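These numbers come from a predicted model, not from an experiment. In what follows, every chain begins at residue 1, and chains take the letters A, B, ... in the order their sequences are listed.
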Protein chains: 4
Amino acid sequence: MPRRVDKVERRNRIMDAAMRVFARLGVHQARMDDVAREARMSKGALYWYFRSKEDLLKAILARMFEPDLKLMEELVRQRERSAVERLETMARKALDSLPQMRVTQALLYEFYALAARTGPLQTLIRDYYRRYYELLTELLAQGIEQGELRIQNPQRAAMALLAQFEGLFLISVLLPGVDLHQEWRALSDEVLKRLSGEDGSF
Amino acid sequence: MPRRVDKVERRNRIMDAAMRVFARLGVHQARMDDVAREARMSKGALYWYFRSKEDLLKAILARMFEPDLKLMEELVRQRERSAVERLETMARKALDSLPQMRVTQALLYEFYALAARTGPLQTLIRDYYRRYYELLTELLAQGIEQGELRIQNPQRAAMALLAQFEGLFLISVLLPGVDLHQEWRALSDEVLKRLSGEDGSF
Amino acid sequence: MPRRVDKVERRNRIMDAAMRVFARLGVHQARMDDVAREARMSKGALYWYFRSKEDLLKAILARMFEPDLKLMEELVRQRERSAVERLETMARKALDSLPQMRVTQALLYEFYALAARTGPLQTLIRDYYRRYYELLTELLAQGIEQGELRIQNPQRAAMALLAQFEGLFLISVLLPGVDLHQEWRALSDEVLKRLSGEDGSF
Amino acid sequence: MPRRVDKVERRNRIMDAAMRVFARLGVHQARMDDVAREARMSKGALYWYFRSKEDLLKAILARMFEPDLKLMEELVRQRERSAVERLETMARKALDSLPQMRVTQALLYEFYALAARTGPLQTLIRDYYRRYYELLTELLAQGIEQGELRIQNPQRAAMALLAQFEGLFLISVLLPGVDLHQEWRALSDEVLKRLSGEDGSF
DNA sequence: AATGAATGAGACTTCATTCAT
DNA sequence: AATGAATGAAGTCTCATTCAT
């Protein structure tokens, strides 16, 4: 009767620790020793659950993106609901998760840097992002179809939306004084108004 | 009489090489050997012109940001010109430099990742960014003063502008299909219209 | 009443597996994990039956050499039989075991490499080999005594015999085309003839 | 004006050190640190001259085998000389190099163990050995042609010769008391006699 | 008796930096 | 000014062994 451990819990614990360490020191500067110490395990245990540092990084990436994708997929599926309402849900959830995003923001930009460079993670990150973009486009298309949204091109609108939120997020890193929470809410409100508004500014 | 080498030219050559290498491989993955080879020098020579890798990185950072700051400072100084015109100049210059930005985009995100993380470069990057933000705010303030711009808060408007352009830039990395040049122009046009427009959407 | 496992059978199973793995990968490159997998046990179980990897190796070594020694001891004891006949028996048994030797040939040379190097296994291997040599010498001495063999010095003859067979065996590793079985038989025949022949070429 | 060093001398110094260390501890047990210390260099310097441990091992292997091959090639080329005389030269040279062979004997068996096992060095070692075998065969063939040697099959004779000398060499490892020098000379004499003798015992 | 998990010393290799010329 | 060589700390990963159940 061997020692029983919850493999999933173990992997999550390591990923949690690694995210903190990676965010603090940067993916490359962080050593596996640091991760091990943060996870209160030996280095060897890390390698019991993850083949390599890169493997660990990929798992973290997946775990970061998948909940958002899941939410979007769910929202896109709810065709009976109004598109605007669903966009509001989305915006609210994003707002709620902002506090914990702060922790991983550094890590996120690390990932974006990786996305800009040919390498094993580039495709992965871009694939996640593209999927998110496609789902958002579909949601907007549904809104147009239902006559709720006064926009012409759901693809360009989706892109513009992503750009604005990503931009705000990035700015909050570069200009530390920015009150991300407040600006995010303001942007959400305005954008939702414009999407359904008559001026068709998207 | 020994030939005096042009120290500035030498430093620039090294920085050019380093930027290419850093953009290609990432700051951390790139070795000083790679930089030396790209610059067609010995590794030792690098250390004649730069104290360390970090020093080289800082110099590159400075050289990347300073022309933009110089331009902005110049524009802010030209109080006799219309603010909208000066913003147009700014937008056009940015558009012109887009092609070469592509090359160093990866490097830029590397810097942003560094900006998100406590460390010696964080302050430096944020300082540059803050300075740019302040100058843009001042330019907008001049526009308000001159009655050209129909916006309330030049600070928030500056932030929104930066966010939108940074956002678009980032999106173009994450969604490879995006035609950055075209989108950038479209965004510039729209934003300038909104800045001076009656709806006060900023 | 708990089922008692057969310790000896278990140890043999592990040794069999280890021999295959060691032969395939080399003693050093082979990991205890590999042995465990080959033996269809957990790694922990290995350590229930063997104190350490070295211990396992020693046990394998013993099990490889002892049957040959047993046979030789038995033959030496059969003083009533003709020496030539007994040598023939020996040669035939060796020939019969050639096919399975192929499997462990790599391992054998690993052992010989160890025998050439100061270390815990050196003495062990040399002791086995010396014992074998002594028994062969004794057998030859009996043959001389009985007037069957026309050789002067049983020690040198024993050494020469061993050298020739070991040499052939080694050559068959280094020159893959060699038909070991055929050459071995030819050598046996010739050597037996020369041992009892008139020319005293040993 | 950079520091000038003799790269060849440097490589040789490292190889000398590595041979001593490998022979003493075994290829796998020996660490690159050990080699570095023995060569009185830093570990980094080792990697300046050799890409990897395996690379170093290959270079050593080449340096061990090539002089013997060179000698054989030279002898085979000297068609005007009697084959027996040339074989005598060969035997004498081998005898002369015996003392230093002692040092690398352990290493040699390490190599033979590698030759018995699938891997990057197997082909290399076998190729050297095969070349040596072919050259010896050719030399014997010349001897037959010139009517000096009374043997039928130069290939089998070459194989038998190699087997006998390799066997003796191996035995001297396994039975430490053997006087290798004396036995080697005795074997050489006898073999040369038999090669040219009338009994055609090869 | 046996297992799956965990440990941690240590292996090879890399690379920013320094040195001798 | 510049070079090729050298250094050595540190990084990732491995693996014999031990542990808790």
The correct set of residues in residues 7-36 of chain A placing a heavy atom under 4.0 Å from DNA chain E is A:K7, A:R10
Query raised in the report: Can you check whether D:L124's main-chain N or O pairs, donor with acceptor, with D:K58's side chain at less than 3.5 Å?
Result: no
Heavy-atom side-chain proximity of D:W48 to D:R11 below 4.5 angstrom:
no
Whole-Å distance, A:K43 NZ to E:dA6 C1', equals 14 Å
Q.
Do D:R24 and D:D34 have side chains that approach each other closer than 4.5 Å (heavy atoms only, starting at C-beta)?
A. no
D:E54 atom CD is separated from E:dA11 atom C1', nearest whole Å, by 15 Å
Hey, can you tell me if D:F65 and D:Y128 have their rings parallel, tilted or perpendicular (30° and 60° cut-offs)? parallel
All stems that DNA chain E takes part in, i.e. 3 or more consecutive Watson-Crick or G-U pairs with distances under 3.5 Å, are E:2-21 with F:2-21
Whole-Å distance, A:F50 CZ to E:dA5 P, equals 14 Å
Report task. Return the orientation label for the B:H28 and A:H28 ring planes: parallel under 30°, perpendicular over 60°, tilted otherwise. Result -> parallel
Among the nucleotides F:dA16, E:dG8, F:dA5, whichever has the atom closest to the side chain of D:W48 is F:dA5
For A:K43 and A:V35, indicate whether the former's side chain and the latter's backbone hold a donor-acceptor pair under 3.5 Å.
-> no
Taken to the nearest whole Å, CZ/C:R37 to P/E:dG4 is 12 Å
In whole angstroms, the gap separating C1' of F:dA5 from CG of D:L46 amounts to 13 Å
The residue, A:R51 or B:S42, whose nearest nucleotide of DNA chain F is more 5′ is B:S42
* Could you tell me whether D:K53 contacts a base, only the sugar-phosphate backbone, or nothing, with contacts defined as non-hydrogen atoms closer than 4.0 Å? => sugar-phosphate
Regarding B:E110 and A:Y109, is there a side-chain donor-to-acceptor distance under 3.5 Å anywhere?
-> no
Does A:R37 form a side-chain contact (heavy atoms from CB on, under 4.5 Å) with A:R31? I'd like the steps, not just the answer.
CA-CA 10 Å; A:R37 199 176 315 111; A:R31 294 166 300 138; 4.3 Å; yes
### Task
Would you classify B:Y49 as touching base, sugar-phosphate or nothing, given that sugar-phosphate means primed atoms plus P, OP1 and OP2, and contacts are heavy atoms under 4.0 Å?
sugar-phosphate
Quick one: are C:Q122 and C:R117 in side-chain contact, heavy atoms under 4.5 Å? no
Atom CZ of B:R40 and atom P of F:dT3 are separated, to the nearest Å, by 13 Å
note: D:Y47, atom OH; E:dA16, atom C1'; distance rounded to Å ~ 18 Å
